[in-house]
Amino acid sequence: MILLSGNEAVARGAWEGGVILGTGYPGTPSSEILENLSGYSGLRAQWCPNEKVALEVGSGASWAGGRVLVTMKHVGLNVAADPLFTLAYTGIRGGLVIAVADDPGLQSSQNEQDSRHYGRAARLPVLEPSDSAEAKEMTLLGFRLSEQFKIPVILRLVTRISHSRTPVFLGRRSKPASCRIVRDPERQVMIPKYAAVRHRVLEEKLEELALYAETAPCNRVEPGRSGEKIITSGIAYQYCREAAPDAAYLKLGLVYPLPRKLLRKFARGKDKPFLVEELDPFLATEIRAMGIDIRSKRKEYGLGELNPDRVKNLLANRAEKVPPPSPLPGRPPVMCAGCPHRGVFWVLKKLKLFVTGDIGCYTLGTLPPLSALDTCLCMGAGVGQSEGYRRVLPPEEGRKVAAVIGDSTFLHSGVTGLIDIVYNGNGGVVIILDNRTTAMTGHQHHPATGQTLMEEAVFPVSLETVCRGVGVKRVKVISSYDLPALEDFLQDSLDRPEPSVLIARAPCVLLKGLKKKSPYRVEADKCVACGLCLKSGCPALSAGEDGKVSIDPVACTGCAVCAGICPVSAIIR
Amino acid sequence: MKRETTSVIIVGVGGQGTLLSAGILSEAAALSGLEVKSSEVHGMAQRGGSVLSQVRFGERVYSPLSPAGTGDYLVALEELEALRYRQLIRPKATIFLQRKRILPAPVLAGAAVYPPGIEETLTGEGYRVEGVDEADLVSRFNTAKPANIYLLGRLSRHLDFELTVWKRVIYRYIKESLRDLNWAAFRLGREDGNIRK
């Protein structure tokens, strides 16, 4: 028995299950699954440019007969939704499990969507573990079900499962299947004629799965003493156990499709069972549609993450008020001291540009004091949005719109937006904040870093060549710390009819092996306490009671952005 | 050995080693034969955000999160974070506190004030505070880095885990060049932690 996080347990389960390939795109809280899988022998784990590609690679390997694990965060499943829906028709050959991690409470996400809906929408079975031991067992079960019913299986995790450590018993690895080409166009070529047949086959599989659900060991009844009855699943089960230890439980492990007879039997009697689930009323809607009478949570409990206290109130049907804001100063995450994004945002703010952006550490540029990022919708969105703004704004307004995007994000889904700007656009500037890594999710490699997840050296995709290749004539690489050069290039780009790409390049200061430059300091005699440098939001800077600034020599990386900002040259090395 | 569930809340600021001490405590509890569940919020931990870890152990543990006001101990590597999360522990419970202030972004930007007299506030509210000055650690170790392990040493006085278990886990978790320093910090914390009944 050892302690594993939910993510480590899924990786372990995949390895024990004889997986030969793991694919995915990093995204909190799912990233550690593939990182852990890459540490096991006898398989390959790889980051793909995005989740759609990851699932496509996975489907190819599965059709050749191999067991495959594909990982992503909830919003990544939206990106992979196109292959997902049709993969449900084709089915699989080698077991295919898609581990998708939701983020109730938005610890690190742009929304708190409930991925269980994909089970119903794409007609796929969904397994939901409630701790690490189940995360491992359900990964293994997922592969068995996937092959038994020839269907991809969704393993739905949440942050609290992915990032909690609980005991797990380890098993041995089963032998991976051998792979070969199988020609089967009626199953693998989804032209309308074949697809119509496969749709019928899919619905039959779901009926069989619903039958399996009736006796599946992962759907279990636990007797109670209090007479209270609770239907629940996933992490909510643990909170319920804490809040109502003596209730009887129907704990669902397979949350789609559901066991109709089992639910009906459990619900029988004078007391209606209480249905407890995190986020959307997914189970409640399904179970009510079966004509089974249940009680369920008030609407407000569908927002945010549950916890033992909320579940206690939820079971008592108590109205929940929005808690008053804490009187204590918050401690939001900030761009690190020396972060290469800071100088770029400083320049963007100075030029008073309207900045369309997306997901990455640079999204933090929206927070005060920088307050220099104006949109964040989804991966890649800022590039297309900048074109949309310019398309409808009067020119004197449109010239103020600039897009920012990260290097990993650009390859994920920014390049298509850039192609649109070249194809349909009317100028504008796209800034690639190239810090040579996927920083926010924990420094994963991507196609432009020159390394894979397995640490093989590979050809690094050249961002500048890609941009030129799609037809951008003005492409310039400038150091993220060279503020005057960044400003000059941007000024020169705003009124041009053709699009420009500025690649602001400097490695993330947290990258391993990066040498720190010697720190800067403030000459107290020269400092005029104007506070301008503090507006860069560098956490190494702070002001004394007299307003004069000092620099924490331990935190300072010597990036010199503040020295360039200081109007009286008081900041020196 | 106490058999009901014990909950330890460990808080700090990204980079202070909060997650490491939660990992060590979890392993020590597991090696002592208890069921353990621990939970943490990372993701943005490296970016100077507030970090909260919860470690729960006992005969049978369900939720990895402890209900508010029921935690048994709070280990805080920073004063404001101690104040922020004190509601998670029982009234009069013990807080192991590093006397250290890390100013958050809103305070640095002048938009908020760092609350004064945090330790007095906590004591005034009835919590039992076992504090250590950051400077004190620096004078003993030339660095305050092992504050997280030092405070685990203080906490260890209140738990029934064997010293050999702690040593095994600390040596497993900490890289070779820092092992001796951290073990010394743990031992010192354990010696400093006199239990006052």
Side-chain angles (χ1 to χ4, degrees), chain A residues 1-3 5 28-29 103 105 107-109 130-132 159-161 163-167 235 237-243 245 305-309 311-312 326-337 339 361 364 367-369 439-442 510 531 534-535 537-539 541-543, chain B residues 5 12-15 19 22-23 26-27 29-31 33-51 53-56 60-70 78 80-81 83-85 87-88 102-115 118:
Chain A
M1 194 279 294
I2 61 167
L3 289 176
S5 72
T28 311
D103 190 14
Q107 301 293 348
S108 192
S109 301
S130 69
D131 60 20
S132 299
T159 307
R160 201 56 70 182
I161 296 293
H163 287 172
S164 290
R165 283 156 43 93
T166 76
I235 189 69
Y237 164 76
Q238 309 291 0
Y239 303 148
C240 287
R241 271 287 178 196
E242 202 82 30
E305 191 186 17
L306 293 180
N307 58 41
D309 298 305
V311 166
K312 202 169 189 179
S326 164
L328 298 179
R331 195 182 293 277
V334 290
M335 283 183 196
C336 307
C339 175
C361 285
L364 297 171
L367 299 176
M440 186 57 117
T441 47
L510 295 180
L534 295 173
K535 291 187 176 142
C538 178
L541 303 175
S542 58
Chain B
T5 301
V13 174
L19 304 182
S26 304
E27 289 288 349
L31 275 179
L34 299 173
E35 177 167 2
V36 184
K37 288 194 173 175
S38 77
S39 181
E40 56 210 34
V41 170
H42 39 113
M44 301 218 214
Q46 257 184 323
R47 312 292 180 271
S50 147
V51 182
S53 282
Q54 309 202 22
V55 182
R56 312 189 75 206
R60 180 80 176 93
V61 183
Y62 288 104
S63 166
L65 297 179
S66 125
T70 69
E78 202 272 347
L80 174 58
E81 298 313 309
L83 194 61
R84 194 188 310 286
Y85 292 113
Q87 280 96 347
L88 289 176
I102 302 176
L103 305 185
V107 172
L108 286 173
V113 177
Y114 195 98
I118 288 179

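Chain A is the first sequence line, chain B the second, and so forth, proteins listed ahead of strands; every chain is numbered from 1. Just so it is clear, the structure is predicted and the values come from calculations on it, not from any experiment.
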A:I235 versus B:P64: any side-chain heavy-atom pair under 4.5 Å? yes
For chain B, find which of A:P369, A:P368, A:G330 contributes the most heavy-atom pairs closer than 4.5 angstrom. A:G330
For chain A, find which of B:S53, B:A22, B:P106 contributes the most heavy-atom pairs closer than 4.5 angstrom. B:P106
Contacting moiety of B:Q87, where chain A heavy atoms sit under 4.5 Å: neither
Give the minimum heavy-atom separation between B:V61 and B:R56, together with the two atoms involved. CG1-CB, 3.9 Å
Check whether NZ of the Lys or CZ of the Arg A:R241 lies under 6.0 Å from the centre of the six-membered ring of A:Y237 and within 45 degrees of that ring's axis. no
Using the test side-chain contact (heavy atoms from CB on, under 4.5 Å), find all partners of A:I2 that sit at least two apart in sequence or belong to another chain. A:L4, A:L170
Under a 3.5 Å threshold, yes or no: a donor from one side chain and an acceptor from the other, between A:S109 and A:D103? yes
Cut-off 4.5 Å, heavy atoms of chain A, and the answer for B:I102 is both
By a 4.5 Å heavy-atom criterion (distance strictly below it), what part of A:C361 contacts chain B: side chain, backbone, both, or neither? side chain
Non-hydrogen atoms of chain B under 4.5 Å away: do they reach the side chain of A:P29, the backbone, both or neither? neither
Of all heavy-atom pairs between A:P539 and A:V334, which one has the smallest distance, and what is that distance? CG-CG2, 4.2 Å
Side-chain contact test, heavy atoms from C-beta onward, threshold under 4.5 Å: evaluate it for A:T159 versus A:E305 and give yes or no. no
So which atom in B:E78 and which in B:Y114 form the shortest heavy-atom distance, rounded to 0.1 Å? OE2-OH, 2.7 Å
Out of B:V107, B:V113, B:L65, B:V36, return the one with the most heavy atom pairs under 4.5 angstrom to chain A. B:L65
Per-residue tally against chain B (heavy atom, under 4.5 Å) across A:S542, A:S326, A:P167 peaks at A:P167
Quick check for you: among A:K535, A:M1, A:Q238, which has the greatest number of heavy-atom pairs under 4.5 Å with chain B? A:Q238
With a 4.5 Å cut-off on heavy-atom pairs, point out which of B:L83, B:L103, B:T70 contacts chain A the most. B:L83
Relative to chain B, which segment of A:L306 carries a heavy atom at a distance below 4.5 Å: side chain, backbone, both, or neither? backbone
Could you tell me which portion of B:E27 (side chain, backbone, both or neither) has an atom closer than 4.5 angstrom to a non-hydrogen atom of chain A? both
